[in-house]
Structures are given as structure tokens and as C-alpha cells.
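Below is one structure, written out as C-alpha cells, with a few remarks after it.
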Amino acid sequence: MSMDMGPAFAKSVRTNAPGAVICYDPFHVIQLATNALESFRRSIWQRARDLPDQDIAKKFKGTRWVLLKNPQNLTGKQQVTLAGLEQAGGLLWDAYQLKESLREVFAGDLNPADVMEMITTWCELAATPNIREFAWAAATIRSHTDGIHAAVTRQLSNGRHEGLNNKIRTMTRRSYGFHTPEAALALIMLACGPVEIKLPYQK
């Protein structure tokens, strides 16, 4: 059974489906690193706000999506910003590389043994007191390696489901003001479901 690393999910499975194998899917493993990077970037931005030069704070505030998006999805302007961060170096760039290196581990071109070996190496690199957010992420991953290995060997991931969930959340926000839940459900089915609509003049 594929899930994130929330203890409530694992507890429910152990109670209601004791024969099931718990798999912690790669999407949520990578999300740990993504959240750690964003938390670290935000802490730098907040400290920079106390500096006399406010342009520094603005610089870090504007890097959020540059750091969180996959490199191949960056716009030309964002690529220039990322190159500037690389040139500047420092802990923020180190944190970005940690996030990207973990994402590459789950790219799908490695066998399970290599994946787990690289995860062990990643946790050793991430367990640095200089970036406590990543040290926490590494500790969390270490305590869930059995479930991660189960997901990798079975090639399970919740990525598509999470993408669908995000799309549905967008639909529910768009349906604000609808008078009935059925109207919101109809909008979701229209965008996500196997609904085919034919106009009267179509055959």
C-alpha cells in the first residue's frame, strides 16, 4: 500500500490490513527535500529583511519558484536567476543541490540496490548542522527506509494521484459560490473524469 510518511496512515494499515506491505512512495520522499529547501530559503529571507540593504531580501524572496521547479521547467529568466545563485554559492546553493540530487535518485534509471545505497549517501550528506531543515529530512528518511525500499522494488509512486488531487483542489476553489456540492462535483468530473460532451449539432 503506497502512502506518505504520516504515522496515521501506517497505523491504519497495520490495524486494518496487517498483511499489506507499506510503501513510502518517492513523491513524498522528494517532497521532504523540497519542503526543507523552501523552509531554509524562507529563513534566509527573513534574516535578510533585518539587514539595511533590503534588495538582498527581495532577491531571496524572488527565488522561490526558481529553486522549487525542476530545472527543465524553468523559463529563460528563471535560468538566469538560477545561474546567479550558482555563481554566488553558499548554503542556499548547497541546499538546492541536495534537493536536486535526491530527485535524481528517483529518476527511474537505477536498480533498487543502487537507489538505496544512494539514499544512504544522501542522508549522510544532508545530516549537516549547517542546514537543520535537511538534517531533519535525512532523519525522517532514515527511519522509513524499509518502506522506501518496498516502494522502489515495486515501482510504486503516488505522483499521478497527487497531481490529480492538486487539480481537484483548483477545481474546488473555482467552484466557490456554487449553491450545491453537486455543481462542484460536476465541474471536477468535467475536468478530470471520463466525461464526453457532445453539442447538439455533433454526431
Side-chain angles (χ1 to χ4, degrees), residues 1-41 64-74 94-128 131-173 185 188-196:
M1 188 170 291
S2 183
M3 65 185 72
D4 67 24
M5 284 164 276
F9 296 111
K11 181 180 179 180
S12 177
V13 170
R14 293 189 184 103
T15 301
N16 299 291
V21 176
I22 293 176
C23 302
Y24 298 118
D25 74 285
F27 176 89
H28 287 101
V29 177
I30 297 170
Q31 191 178 59
L32 282 174
T34 302
N35 291 342
L37 174 60
E38 170 55 12
S39 180
F40 183 62
R41 183 205 64 83
R64 179 184 182 188
W65 296 116
V66 173
L67 294 170
L68 295 184
K69 289 173 66 175
N70 295 338
Q72 66 271 22
N73 296 330
L74 295 176
D94 291 343
Y96 173 78
Q97 289 185 301
L98 281 171
K99 186 266 289 188
E100 280 300 303
S101 61
L102 184 61
R103 191 175 65 84
E104 287 296 325
V105 169
F106 294 103
D109 55 348
L110 298 173
N111 62 58
D114 289 337
V115 169
M116 299 311 298
E117 181 179 353
M118 294 185 73
I119 287 176
T120 299
T121 302
W122 187 92
C123 287
E124 293 172 352
L125 294 172
T128 167
I131 312 177
R132 61 181 183 180
E133 292 84 356
F134 275 89
W136 177 85
T140 302
I141 291 173
R142 277 199 182 105
S143 64
H144 293 82
T145 51
D146 288 344
I148 295 171
H149 181 264
V152 171
T153 55
R154 291 164 175 79
Q155 298 183 335
L156 294 179
S157 175
N158 287 7
R160 289 187 177 181
H161 296 88
E162 293 295 333
L164 181 61
N165 286 342
N166 289 334
K167 191 172 185 179
I168 290 175
R169 290 190 189 99
T170 302
M171 295 296 102
T172 56
R173 285 195 293 270
L185 181 59
I188 292 170
M189 290 299 297
L190 181 62
C192 306
V195 178
E196 182 179 358

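Rounding to the nearest 0.5 Å gives a distance of 14.0 Å between CG of D25 and CD of Q155. If you take OH on Y24 and OG1 on T145, they are separated by 10.0 Å, rounding to the nearest 0.5 Å. I148 CD1 to F106 CZ: the interatomic distance, rounded to the nearest 0.5 Å, is 5.5 Å. Distance check, rounded to the nearest 0.5 Å: OG1 of T34 to NZ of K69 gives 14.0 Å. Interatomic distance, CZ of R142 versus CD of E124, reported as 6.5 Å (0.5 Å rounding). Between the CD1 atom of I22 and the OG atom of S2 there is a distance of 11.0 Å, given to the nearest 0.5 Å.
In M1, the CE atom is not crowded: 12 or fewer heavy atoms of neighbouring residues, nucleotides or ligands sit closer than 6.0 Å. K167 NZ: 12 or fewer foreign heavy atoms inside a 6.0 Å radius.
Judged purely by atom type and a 3.5 angstrom limit, T140 uses its side chain to pair as donor or acceptor with the backbone of W136. Although no hydrogens or angles enter the test, the distance criterion places a donor-acceptor pair under 3.5 Å between the side chain of S101 and the main chain of L98. Between the N111 side chain and the D114 main chain, a donor and an acceptor come within less than 3.5 Å of each other. Between the side chain of K99 and the backbone N or O of L67 there is at least one donor-acceptor pair closer than 3.5 Å. Without hydrogens or angle criteria, S39 side chain to N35 main chain gives no donor-acceptor distance under 3.5 Å.
For L102 against I30, the heavy-atom pair with the smallest separation is CD2-CA, 4.2 Å. Of all heavy-atom pairs spanning P71 and R103, the tightest one is CD-NH2, 3.2 Å. Residues V21 and A150 share a closest heavy-atom pair of CG1-CB, 3.8 Å. Of all the heavy atoms in F134 and A95, the pair that sits closest is CZ-O, 3.3 Å. Taking all atoms of both residues into account, the shortest heavy-atom contact from C23 to R154 is SG-CD, 3.9 Å. The minimum heavy-atom distance linking L32 with M5 is given by the pair CD1-CE, 3.4 Å.
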Would I119 and M116 count as a side chain to side chain contact (heavy atoms under 4.5 Å, CB included) if you check the C-alpha gap in whole Å, the side-chain angles of each, and the deciding distance to 0.1 Å? CA-CA 5 Å; I119 287 176; M116 299 311 298; 4.1 Å; yes

